[in-house]
Amino acid sequence: MHTAAVVVAWMLGEATFNMENPITGAKWSITYTADINMDGTYDGNTPSTGITGDSIKDKNLFCLISPLSFSCGNTTPALLAASDRVTILGTKSGGGTAFVHHASAADGTLYRMSSKYVTGTSKNGATYDIDQGVEPHVRISKPANFYNVEKINTLVTSLN
């Protein structure tokens with residue numbers, strides 16, 4: 001989830017995760033920003049790296065998804081799609097967005113499992129579950145084209 005937060009914050013300027021407990025109905029959110037250029041401040045300029053700040057939100061952004069995009073690989077494009085600033089390409093993502101719950105047994109055995117908390121997107125105060133996957137804005141129906149840089153470049157160029 002931390003990597004998803006950094007990627008989304010880099011692309012959008014900030015990443016807001018909306019969560020809900022489906023049993024109690026409790027809702028909360030957390031917003032991340034990221035010091036991508038590692039200059040010690042969020043906003044920075046590091047001309048020597050070619051990065052002019054901590055976000056690329058002013059660029060034309062795209063995200064490629066497939067049924068193999070699961071869990072955080074589903075959360076990331078869901079947050080990007082909800083922003084209405086990133087074009088999602090590919091086929092519907094694989095879904096899954098529950099946080100991992102860390103627990104231990106009485107004998108000290110550690111284990112991890114999906115938690116009850118559901119991640120979603122929020123609009124006008126309502127939380128929308130993203131567990132079922134993300135539909136792309138532009139469908140790529142031929143799987144071989146996912147790995148064809150020329151085809152992806154042609155597609156992206158045609159959208160601009």
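Residues R139 and T91 have side chains in contact (heavy-atom distance under 4.5 Å, counting atoms from C-beta outward). Considering only heavy atoms from C-beta on, M19 comes within 4.5 Å of I30 through its side chain. Looking only at side-chain heavy atoms (C-beta outward), T3 and T76 stay at 4.5 Å or farther from each other.
For the salt bridge (charged side-chain N to carboxylate O under 4.0 Å, His left out) test, residues two or more places apart in sequence or in another chain that qualify with D84 are K123. The side-chain contact (heavy atoms from CB on, under 4.5 Å) search around A5 returns F17, Y32, not counting sequence neighbours.
Screening residues 6-22 for salt bridge (charged side-chain N to carboxylate O under 4.0 Å, His left out), with sequence neighbours left out, gives no hits.
To the nearest 0.5 Å, atoms CG (N148) and CG (L155) are separated by 11.0 Å. Rounding to the nearest 0.5 Å gives a distance of 7.0 Å between CZ of F146 and CD1 of I152. Rounding to the nearest 0.5 Å gives a distance of 9.0 Å between CG of N18 and NZ of K27. In this structure, NZ on K59 lies 12.5 Å from CE on M11, to the nearest 0.5 angstrom. To the nearest 0.5 angstrom, N21 atom CG is 5.5 Å from W28 atom CH2. To the nearest 0.5 Å, the span separating OH on Y117 from CD1 on I23 amounts to 8.0 Å.
When atom types are taken as modelled, the side chain of S69 and the backbone of S93 share no donor-acceptor pair closer than 3.5 angstrom. At distances below 3.5 Å, not a single donor-acceptor pair connects side-chain atoms of N74 with backbone N or O atoms of G94. Looking at D54, its side chain does come within 3.5 Å of a backbone N or O of I36 through a donor-acceptor pair. Checking side-chain atoms of H137 against main-chain N and O of I88 turns up a donor-acceptor pair under 3.5 Å.
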Legend entry - Derivation of the side chain to side chain contact (heavy atoms under 4.5 Å, CB included) call for L12 and V86: CA-CA 9 Å; L12 301 179; V86 178; 3.9 Å; yes
Inset, instruction - Evaluate the criterion side chain to side chain contact (heavy atoms under 4.5 Å, CB included) for residue pair K151 and I140; output intermediate values, then yes/no. - result: CA-CA 10 Å; K151 294 268 187 186; I140 298 174; over 6 Å; no
Inset, instruction - Check the pair L159, F62 against side chain to side chain contact (heavy atoms under 4.5 Å, CB included), reporting the backbone distance first and the verdict last. - result: CA-CA 10 Å; L159 296 172; F62 300 88; 3.9 Å; yes
Inset, instruction - Verify side chain to side chain contact (heavy atoms under 4.5 Å, CB included) between T121 and L79, making sure each step is shown before the conclusion. - result: CA-CA 7 Å; T121 58; L79 295 176; 4.2 Å; yes
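What you find for P136 and K92 is that their closest heavy atoms are CD-N, 3.8 Å. The minimum heavy-atom distance linking A15 with A9 is given by the pair CB-N, 3.8 Å. Nearest heavy-atom pair across I130 and A78 is CD1-CB, 3.4 Å. Residue P77 comes nearest to C72 through the heavy atom pair CD-O, 4.3 Å, listed as atom of the first residue, atom of the second, then distance. Shortest non-hydrogen contact noted between K57 and S55 is N-OG, 3.0 Å. Shown here for L110 and S104, the closest heavy-atom pair between the two residues is CD2-CB, 3.6 Å.
Hydrophobic clustering (side-chain heavy atoms under 4.5 Å, transitive across Ile, Leu, Val, Met, Phe, Trp, Tyr) keeps F70 apart from I65. A chain of hydrophobic side-chain contacts below 4.5 Å, direct or via other Ile, Leu, Val, Met, Phe, Trp or Tyr residues, connects M1 to L80. No single ILVMFWY cluster, assembled from side-chain heavy atoms under 4.5 Å apart, contains both V7 and L64.
In H102, the NE2 atom is crowded: over 12 heavy atoms of neighbouring residues, nucleotides or ligands sit closer than 6.0 Å.
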